> 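One structure follows; several queries about it will come next.
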Protein chains: 2
Amino acid sequence: MIRKSPQTMTSRSPRSSARPQLSEKATAHIRGLIMSGELRPGTLVRPETIGEDLGISTTPAREALQALRVEGFLELVPRRGFVVAPLTGQDIRDLFQVQALIGGELAARAAANAGEQDVAELEALHHELIAAAARNDHDRLEEKNHAFHREINLMAGSRKIIWMLGLVTRYVPRQFYSSIPGWPQATVTDHEELLEGIRTGDPEKTRAAMVAHIIHSGELLAANFDERLAAPLPATDAEPAQERSGPAALDAASA
Amino acid sequence: MIRKSPQTMTSRSPRSSARPQLSEKATAHIRGLIMSGELRPGTLVRPETIGEDLGISTTPAREALQALRVEGFLELVPRRGFVVAPLTGQDIRDLFQVQALIGGELAARAAANAGEQDVAELEALHHELIAAAARNDHDRLEEKNHAFHREINLMAGSRKIIWMLGLVTRYVPRQFYSSIPGWPQATVTDHEELLEGIRTGDPEKTRAAMVAHIIHSGELLAANFDERLAAPLPATDAEPAQERSGPAALDAASA
DNA sequence: CAAGCGTATACCGGATACGAAATACGTACA
DNA sequence: TGTACGTATTTCGTATCCGGTATACGCTTG
């Protein structure tokens with residue numbers, strides 16, 4: 001059971017034309033606006049407006065809005081349009097809790113599946129991460145951290161669980177981490193614990209390590225989020241803040 | 001630049017004209033086709049085709065395809081179109097694992113938050129479920145089961161976690177359960193264990209009960225899924241099932 | 001002056017039509 | 001037989017139009 005997860009993910013067929021859809025560009029753009037706080041909850045987002053912003057037509061813009069609605073960033077008010085969904089620091093904490101649960105599951109499976117070669121690859125990445133941390137190279141640090149987690153997730157060998165994790169981590173701007181003081185050191189020690197669990201093939205120990213790692217990171221980000229919410233808004237006009245009663249059409253899925 | 005919404009909306013509730021979008025209809029339709037096995041993995045799904053099927057134009061059809069891509073039912077091959085994503089019985093099991101983790105978290109929080117009134121309401125629903133089971137009333141059974149779980153999820157008080165659960169349960173056709181022999185009885189006993197945990201305010205006991213409940217249900221459904229995969233395809237229309245090899249563009253999100 | 005009502009406007013949801021680019025497929029040629 | 005080319009099909013994006021509805025504004029009335 002060394003290498004290659006059960007899924008047949010034929011990696012990288014060159015396919016040349018790496019042309020991302022315009023709708024994906026628009027999706028990332030609006031998502032960034034929401035996560036950065038430029039678009040606040042309750043704001044109405046119009047297709048033509050964002051089309052003008054990016055110099056595209058309304059068709060891909062509407063597709064982007066639809067995608068963001070599925071992701072939970074926007075809500076659709078039937079004859080009004082798309083409004084930015086509420087997003088609080090507590091929401092961020094909750095999402096990190098979910099991320100921890102899913103990431104923990106993946107880590108546990110990775111530990112169960114890990115072969116010698118996997119461990120070696122992870123350790124190589126880990127050492128590169130340490131080197132980047134020592135040089136204070138934020139970009140490379142972020143890159144290696146991403147690669148480290150990605151490798152673990154792939155080792156778990158479950159397409160759909162990785163997919164769900166991706167839906168959660170859309171709420172987590174990666175570039176944020178590197179700006180947290182003390183984060184590199186904490187990450188190094190956390191990753192060493194993860195490595196220990198994987199090396200010894202101990203799923204539950206690895207799961208616990210991953211959960212702690214994610215929750216810890218999440219608390220830092222959520223605190224920053226709260227701080228930003230407390231900050232005054234750009235102050236265009238004397239806006240009555242319109243804390244409108246959110247329609248919040250929860251469907252509360254069942255089992 | 002993006003305009004702010006007209007903040008004149010004077011706090012009047014939108015009355016919810018209850019008009020479902022055409023794109024949502026299309027989304028549900030295609031999702032049903034995929035889950036029922038009529039659309040097999042690798043099949044190319046064209047906007048015009050589904051537009052003709054439902055008597056709608058390509059505009060809402062394309063929005064539906066975009067939504068299904070976010071949900072993971074479809075993959076987008078850049079200049080080719082949308083193809084049905086691979087979906088195996090193991091995928092279903094994995095998704096139930098995720099559902100168990102998230103549902104367990106919600107149940108644990110519900111137990112922590114539960115007040116007397118909440119418990120009373122849950123017990124009322126539970127008794128109605130028992131009554132429906134005794135009458136062999138499948139529709140009402142399904143309805144009460146849904147309401148029971150919904151109530152627990154709402155008690156947890158986390159918008160975003162419920163949202164994530166909804167993304168997972170899109171892969172679980174609710175109407176399936178009631179057709180499983182012996183499921184009503186198993187559900188009643190499982191729910192009683194859940195109630196016990198909530199009544200005593202024991203989060204971890206409740207979490208464990210919910211995890212067991214979901215995993216148990218999932219195994220039944222996944223077995224059915226495997227069975228169907230082994231079966232030959234309906235062979236109704238010509239439709240030569242364009243078995244293009246799915247590229248499976250995993251992005252493997254990180255933390 | 002305040003409250004109710006009717007009209008005007010804005011905009012969503014959807015339908016088409018059209019064009020450019022790229023891929024797939026069939027055919028002709030060496 | 002293998003390769004190159006040309007055509008057909010399709011995706012992706014743009015532009016435009018229309019019906020229906022919710023909101024905003026202004027007028028009338030008590």
Side-chain angles (χ1 to χ4, degrees), chain A residues 13-27 29-30 42-69 74-84 239-240 242 244-245 247 249, chain B residues 2-29 42-69 74-84 239-247 249:
Chain A
S13 71
R15 184 64 43 100
S16 63
S17 70
R19 179 138 63 124
Q21 311 279 105
L22 249 49
S23 59
E24 284 198 68
K25 252 188 164 48
T27 304
H29 178 242
I30 307 174
T43 308
L44 198 61
V45 184
R46 270 184 246 281
E48 306 98 20
T49 311
I50 81 156
E52 290 172 13
D53 274 8
L54 282 79
I56 63 176
S57 181
T58 64
T59 303
R62 268 179 64 171
E63 287 178 329
L65 263 38
Q66 204 73 28
L68 288 166
R69 184 184 65 86
L74 299 178
E75 289 173 2
L76 177 56
V77 187
R79 270 275 160 187
R80 292 286 315 276
F82 292 88
V83 299
V84 178
E239 316 247 345
Q242 60 155 118
R244 97 284 176 238
S245 59
Chain B
I2 296 188
R3 292 204 311 254
K4 298 294 287 296
S5 76
Q7 46 284 102
T8 38
M9 54 161 90
T10 45
S11 75
R12 193 50 242 156
S13 117
R15 184 90 46 70
S16 81
S17 52
R19 178 124 69 109
Q21 310 278 106
L22 248 51
S23 59
E24 284 196 68
K25 254 187 161 51
T27 305
H29 179 242
T43 309
L44 200 62
V45 184
R46 270 184 246 281
E48 296 101 14
T49 310
I50 81 154
E52 290 172 13
D53 277 7
L54 283 79
I56 64 176
S57 179
T58 63
T59 304
R62 266 177 65 170
E63 290 179 7
L65 263 38
Q66 204 72 29
L68 288 166
R69 183 184 65 87
L74 299 176
E75 290 172 2
L76 176 56
V77 188
R79 269 272 160 188
R80 294 284 314 278
F82 291 88
V83 298
V84 178
E239 214 44 61
Q242 326 207 163
E243 282 295 338
R244 301 254 179 263
S245 62

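Keep in mind the model is a prediction, meaning the values are calculated, not measured. To find a chain, count down the sequence lines: A is the first, B the second, and so on, and within it residues start at 1.
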> Extract from the structure each pairing of a protein N or O with an N or O of nucleotides 9-11 of chain D at less than 3.5 Å, listing the distance.
residue : atom : partner  : partner atom : Å
dT11(D) : OP1  : Arg46(B) : NH1          : 3.3
dT11(D) : O2   : Arg79(B) : NH1          : 2.4

> Tell me which residues in residues 52-65 of chain B lie within less than 4.0 Å of DNA chain C, going by non-hydrogen atoms.
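By residue number: Ile56(B), Ser57(B), Thr58(B), Thr59(B), Pro60(B).
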
> With a 4.5 Å cut-off on side-chain heavy atoms, are His29(B) and Ile50(B) touching?
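Counting from C-beta outward, Ile50(B) and His29(B) never come under 4.5 Å.
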
> Looking at Leu74(A) and Phe82(A), what are the two nearest heavy atoms and their distance?
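That would be CD1-CB, 4.1 Å.
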
> May I have the list of side-chain donor-acceptor pairs in residues 55-62 of chain B shorter than 3.5 Å, sequence neighbours left out?
residue  : atom : partner  : partner atom : Å
Arg62(B) : NE   : Glu63(A) : OE2          : 2.9
Arg62(B) : NH2  : Glu63(A) : OE2          : 3.4

> Whole-Å distance between dG14(C) P and Lys25(B) NZ?
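Checked: the NZ to P distance equals 10 Å.
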
> Using every non-hydrogen atom in the two residues, find where Leu76(A) and Arg69(A) come nearest and quote the distance to one decimal.
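Between these two residues, the closest heavy atoms are CB-CD, 3.6 Å.
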
> Strictly by salt bridge (Lys or Arg N to Asp or Glu O under 4.0 Å), give each pair with a member in residues 50-61 of chain B just once, sequence neighbours left out.
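Those involving residues 50-61 of chain B do not exist here.
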
> Identify the two heavy atoms, one from Thr27(A) and one from Ala67(A), that lie closest to each other, and give their separation to 0.1 Å.
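The answer is OG1-CB, 4.3 Å.
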
> Taking all atoms of both residues into account, what is the closest heavy-atom pair of Val84(A) and Val45(A), and its distance?
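Looks like CG2-CG2, 3.8 Å.
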
> dA15(C) P sits how many Å from Ile50(B) CD1, rounded?
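These atoms are roughly 11 Å apart.
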
> Which heavy atom in Ser23(B) sits nearest to a heavy atom in Gln66(A), and how many Å separate them?
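Looks like OG-NE2, 3.5 Å.
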
